[in-house]
Amino acid sequence: MTTAREIMTPDATCVGEKETLADAARKMADLGVGSLPICGEDNRLKGMLTDRDIVVKALAQGRDASSSTVSEFAQGKPVTIGADDDTDEILRTMAQHKVRRLPVIDGHRLVGIVAVADVARALPDRPVGDLIDAISE
């Protein structure tokens with residue numbers, strides 16, 4: 001069975017929990033991505049920050065992107081997948097939590113990200129279609 005480690009995008013770039021939203025937005029632009037994992041000084045995953053979070057939860061609410069830190073947006077426990085978990089578990093987790101990207105953890109260390117696109121490349125059409133239906137409700 002295919003594992004998260006085999007289909008993930010490795011070496012995910014984190015945004016530090018004390019960095020500003022403006023810093024995060026610049027990283028996203030430089031990397032050409034729409035989300036970044038938020039990592040603490042202890043190198044543990046604190047959450048995920050999306051470009052939508054920056055726009056809808058911060059800018060649209062009048063927050064200053066150059067003084068607001070990303071830690072203000074790392075709410076709750078992040079949804080993750082283990083590096084050796086199989087694609088069935090990836091599909092279940094994405095569908096259950098309605099997420100399009102899953103940080104991949106090995107122990108407590110972030111080792112990559114599995115996105116819907118990674119799943120689509122690795123699996124037949126039917127499971128991917130079911131996943132898209134589940135996260136799009």
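Here the structure is a predicted model, which means the values were calculated and not measured. All values below were derived from every heavy atom in this structure, side-chain atoms included, with hydrogens, water molecules and symmetry-related copies excluded. The chain is numbered in sequence order, starting from 1.
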Visitor: Hey, are Asp23 and Arg26 close enough for a salt bridge, meaning a charged N less than 4.0 Å from a carboxylate O?
Guide: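 Arg26 and Asp23: salt-bridged.
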Visitor: Please collect all salt bridge (Lys or Arg N to Asp or Glu O under 4.0 Å) contacts where either partner lies in residues 107-119, sequence neighbours excluded, each pair once.
Guide: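 Every salt bridge (Lys or Arg N to Asp or Glu O under 4.0 Å) pair that includes a residue of residues 107-119, provided the two are not neighbours, is Asp118-Arg121.
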Visitor: Are side-chain heavy atoms of Met48 and Val99 found at a separation under 4.5 Å?
Guide: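 Counting from C-beta outward, Met48 and Val99 never come under 4.5 Å.
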Visitor: Report yes if the side chains of Met28 and Leu49 come closer than 4.5 Å at any heavy-atom pair, otherwise no.
Guide: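 Contact flag for Met28/Leu49 side chains = yes.
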Visitor: Which atoms form the tightest heavy-atom contact between Met94 and Val119, and what is the distance?
Guide: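 For Met94 versus Val119, the nearest heavy atoms are SD-CG2, 4.2 Å.
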Visitor: Please round to the nearest 0.5 Å and tell me the distance separating atom CD1 of Ile113 and atom CZ of Arg100.
Guide: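 So the gap between those two atoms works out to 15.0 Å.
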Visitor: How long is the straight-line distance from SG of Cys39 back to CG of Leu45, given to the nearest 0.5 Å?
Guide: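 It is 5.5 Å, given to the nearest 0.5 Å.
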Visitor: How far does CD1 of Ile81 sit from CG of Asp86, to the nearest 0.5 angstrom?
Guide: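 So the CD1 of Ile81 and the CG of Asp86 are separated by 8.0 Å.
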Visitor: Minimum heavy-atom separation for Val15 and Ala24, please, with both atom names.
Guide: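 Smallest interatomic distance, heavy atoms only, reads CG2-CB, 3.8 Å.
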Visitor: Which heavy atom of Arg101 sits nearest a heavy atom of Ser35, and at what distance?
Guide: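 The answer is CD-OG, 2.8 Å.
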Visitor: Counting N and O atoms only, with roles assigned by atom type, does the side chain of Thr87 sit under 3.5 Å from a partner on the main chain of Ile90, one being a donor and the other an acceptor?
Guide: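 Flag not set: sc Thr87 to bb Ile90 has no pair under 3.5 Å.
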Visitor: Could you work out, with side chain to side chain donor-acceptor pair (under 3.5 Å) as the rule, every residue matching Glu41, not counting sequence neighbours?
Guide: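 Only Lys18 meet the side chain to side chain donor-acceptor pair (under 3.5 Å) criterion with Glu41.
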Visitor: Would Arg5 and Asp84 count as a side-chain contact (heavy atoms from CB on, under 4.5 Å) here? Give the steps.
Guide: CA-CA 6 Å; Arg5 187 184 312 275; Asp84 296 317; 3.2 Å; yes
Visitor: Taking C-beta and beyond as the side chain, do Val70 and Leu21 meet within less than 4.5 Å on heavy atoms?
Guide: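 Counting from C-beta outward, Val70 and Leu21 do come under 4.5 Å.
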Visitor: Can you give me the closest heavy-atom contact between Val104 and Ala83, atom names plus distance?
Guide: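 Distance-wise, the nearest heavy atoms are CG1-CA, 3.4 Å.
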Visitor: Is there a side-chain contact between Ser71 and Lys46 in this structure, where contact means two heavy atoms from C-beta onward sitting under 4.5 Å apart?
Guide: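 Result no, sub-4.5 Å side-chain heavy-atom pair not found.
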Visitor: Any donor and acceptor pair, going by atom type alone, linking the side chain of Lys27 with main-chain N or O of Val33 inside 3.5 Å?
Guide: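 Pair absent, no side-chain N/O of Lys27 close to backbone of Val33.
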Visitor: Within this structure, what is the OG1-CG distance for the pair Thr13 and Leu31, rounded to the nearest 0.5 Å?
Guide: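 Between Thr13 OG1 and Leu31 CG, I get 5.0 Å after rounding to 0.5 Å.
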Visitor: Determine the minimum heavy-atom distance between Leu110 and Cys14, stating which atoms define it.
Guide: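 Taking every non-hydrogen atom into account, CD2-SG, 3.5 Å.
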Visitor: Rounded at 0.5 Å granularity, tell me how far CG in Asp88 sits from OG1 in Thr93.
Guide: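 If I round to the nearest 0.5 Å, the distance is 10.5 Å.
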Visitor: Using the rule that two of Ile, Leu, Val, Met, Phe, Trp, Tyr join whenever any of their side-chain heavy atoms come within less than 4.5 Å, decide whether Val79 and Ile105 are in one cluster.
Guide: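 No, separate clusters.
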Visitor: Which heavy atom in Gly82 sits nearest to a heavy atom in Ala4, and how many Å separate them?
Guide: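 Looks like O-CB, 3.5 Å.
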Visitor: Does Glu6 reach the main-chain N or O of Thr3 with its side chain, forming a donor-acceptor pair under 3.5 Å?
Guide: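 A pair under 3.5 Å: yes.
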